[in-house]
Number of protein chains: 2
Amino acid sequence: MKAKTSTLEYALAGLLAPKAQSGYDLRKTFATTAMRHYSDSPGSIYPALRRLEARGWIAPDAGNDSDDGHQRENARRRQVFALTREGRDGLTAWLMLPITRDDVALRLAEIMLRFAFMDGNVPRAATLVFLERFEREMDGYTRELRANLETMRAKLPLHTGVLAFEAGIHAMEAQLAWARQARARLLEDTR
Amino acid sequence: MKAKTSTLEYALAGLLAPKAQSGYDLRKTFATTAMRHYSDSPGSIYPALRRLEARGWIAPDAGNDSDDGHQRENARRRQVFALTREGRDGLTAWLMLPITRDDVALRLAEIMLRFAFMDGNVPRAATLVFLERFEREMDGYTRELRANLETMRAKLPLHTGVLAFEAGIHAMEAQLAWARQARARLLEDTR
DNA sequence: GTGCACATGTAATGTGTTACATGATTAT
DNA sequence: ATAATCATGTAACACATTACATGTGCAC
């Protein structure tokens, strides 16, 4: 049994959560929306779907047209997948994982993907806790980085390496500011 | 002959540009500095170094201690690599590549790595041109994203998906602001 | 019924991750 | 001499990319 689920697999599960879709639909989503940097190539998506199916996270959609799901003898026809109960549980568990320092330092993109999928899959309260913890870790991490920056500056002249490091810090601080604002808006929306 | 050079290989070449180092030195740099999310595992670095050596981009350092470079019979001893002329040319060519819209949209991390390595490897003027072009593409891209955001907002309610998209835009705009400021500082430093 | 867009499959390749193994060097 | 640290090597595995192959349905 394989323990780990790849980010791509979670992305697929997350997209299937609101509605059943075919591999082709998913590819188009990856190709045309904000999720552009996930694969979109058939060589990654179809195998990933088969892995999810083998694990029981997704299944051919029952409520689907002419010859029903379980009977796709000789394929090459549009095949719609739905998230199963197990798949939904797996997705939710991932969404509920506590945020660590390493998550914000090393895996920001994955963290943001998780946030994007929260609506509809976890209670609003969990989303707010997520943001709180995100703010805490981001705040700590950006402080760490700023301290390192001062050390670097003391040793080196003005240097593109130092400037690039600064760019990273700026981007992180922008995300932090966004998080505070987002939490305020969600709180207001919840009341 | 293999055409493509991986980002990790460029990262290694860039680190070897200012001074010759061993694989272990490079790993420590990856493990402890701002370059944290590059591998740092022996299973990625040593093979990458051998690929670079096979391609003639790096070579055992000549100006190195007791038994000189070309004679590393039974190894398992510290082995220092230096960037060759060819390696330097390859690195420079990569640094000078024009920035495209897809670079800023899909490969920002690589772009920033290139920027970090510019000092000492390309003329200051090239760095300034790089930033100009970066600003232009980032400006265009963030405008594109903002337009999409309005479309999304018109259709959907307040939604973590939309908020996550906003976070990405904020981060990009912060990078853009940084670029303008960085260019101004470099200009001043150049005068 | 021919051509094109839709839809899926898959083999070859390269690379990163993990986990382990093992040879040198240094300190005690 | 032994242990710890330094330093490199490598095998198993999973995955993404590329490029190609193939089937399906609709428009004309």
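All values below come from the heavy atoms of this structure, side chains included, with hydrogens, waters and symmetry mates left out. Proteins get letters first, then strands, A, B, ... in listed order; numbering begins at 1 in each.
Ranking C/dT15, C/dG16, D/dG9 by closeness to the B/R50 side chain, first place goes to D/dG9. Distances from the side chain of A/R78 to the nucleotides C/dG16, D/dT24, C/dA7 place C/dA7 closest. For B/R77, counting side-chain heavy atoms from C-beta on, the closest listed nucleotide (C/dG9, D/dC15, C/dT25) is C/dT25. Considering only the side chain of A/P42, C/dG9 comes nearest among D/dG9, C/dG9, C/dT17. Among the nucleotides D/dC15, C/dT8, D/dT18, the one closest to the side chain of A/R51 is D/dC15. Nearest to the side-chain atoms of A/S6 among the listed nucleotides C/dT18, D/dA16, C/dG16 stands D/dA16.
Atom pair A/L52:CG and C/dT8:C1' shows a separation of 16 Å (rounding to whole Å applied). Rounded to an integer number of Å, the gap from CG of A/D40 to P of D/dC15 is 19 Å. Rounding to whole angstrom units, CD of residue A/Q79 and C1' of D/dT22 are separated by 16 Å. What separates CD of B/E53 from C1' of D/dG9 is a distance of 14 Å, to the nearest Å. Rounded to whole Å, atom P of D/dA16 lies 17 Å from atom NZ of B/K4. In this structure, A/L49 places its CG atom 12 Å from P of D/dA16, rounding to the nearest Å. Summarising the geometry, the separation between CG on A/L12 and P on D/dC15 is reported as 12 Å, rounded to the nearest angstrom. Taking atom OH on B/Y46 and atom P on C/dG16, their separation rounds to 15 Å, with Å as the unit.
Among the protein residues, B/I45 comes within range of no part of the nucleic acid, since none of its heavy atoms lies under 4.0 Å from any strand.
Contacts between residues 19-30 of chain A and DNA chain C, defined by a heavy-atom separation under 4.0 Å, are made by A/S22, A/G23, A/Y24, A/R27.
Side chains of A/T92 and A/D89: no donor on one and acceptor on the other come within 3.5 Å. In summary, the side chains of A/T151 and A/N148 do not present any donor paired with an acceptor at a separation below 3.5 Å, with no hydrogens or angles considered. Using modelled atom types, one finds no donor on one side chain facing an acceptor on the other under 3.5 Å when comparing A/R107 with A/T7.
By the neighbour-count criterion of 12 heavy atoms within 6.0 Å, atom CE of A/M35 is densely surrounded, having more than that number from other residues, nucleotides or ligands.
A/K28 and A/D40 are not joined by a salt bridge, as no carboxylate oxygen comes within less than 4.0 angstrom of a charged side-chain nitrogen. A salt bridge links B/E166 to B/R153: at least one charged side-chain nitrogen sits closer than 4.0 Å to a carboxylate oxygen.
Both A/S39 and B/G43 sit near DNA chain D, but only B/G43 has its closest nucleotide nearer the 5' end.
By the side chain to side chain donor-acceptor pair (under 3.5 Å) test, A/D139 pairs with A/R143, sequence neighbours left out.
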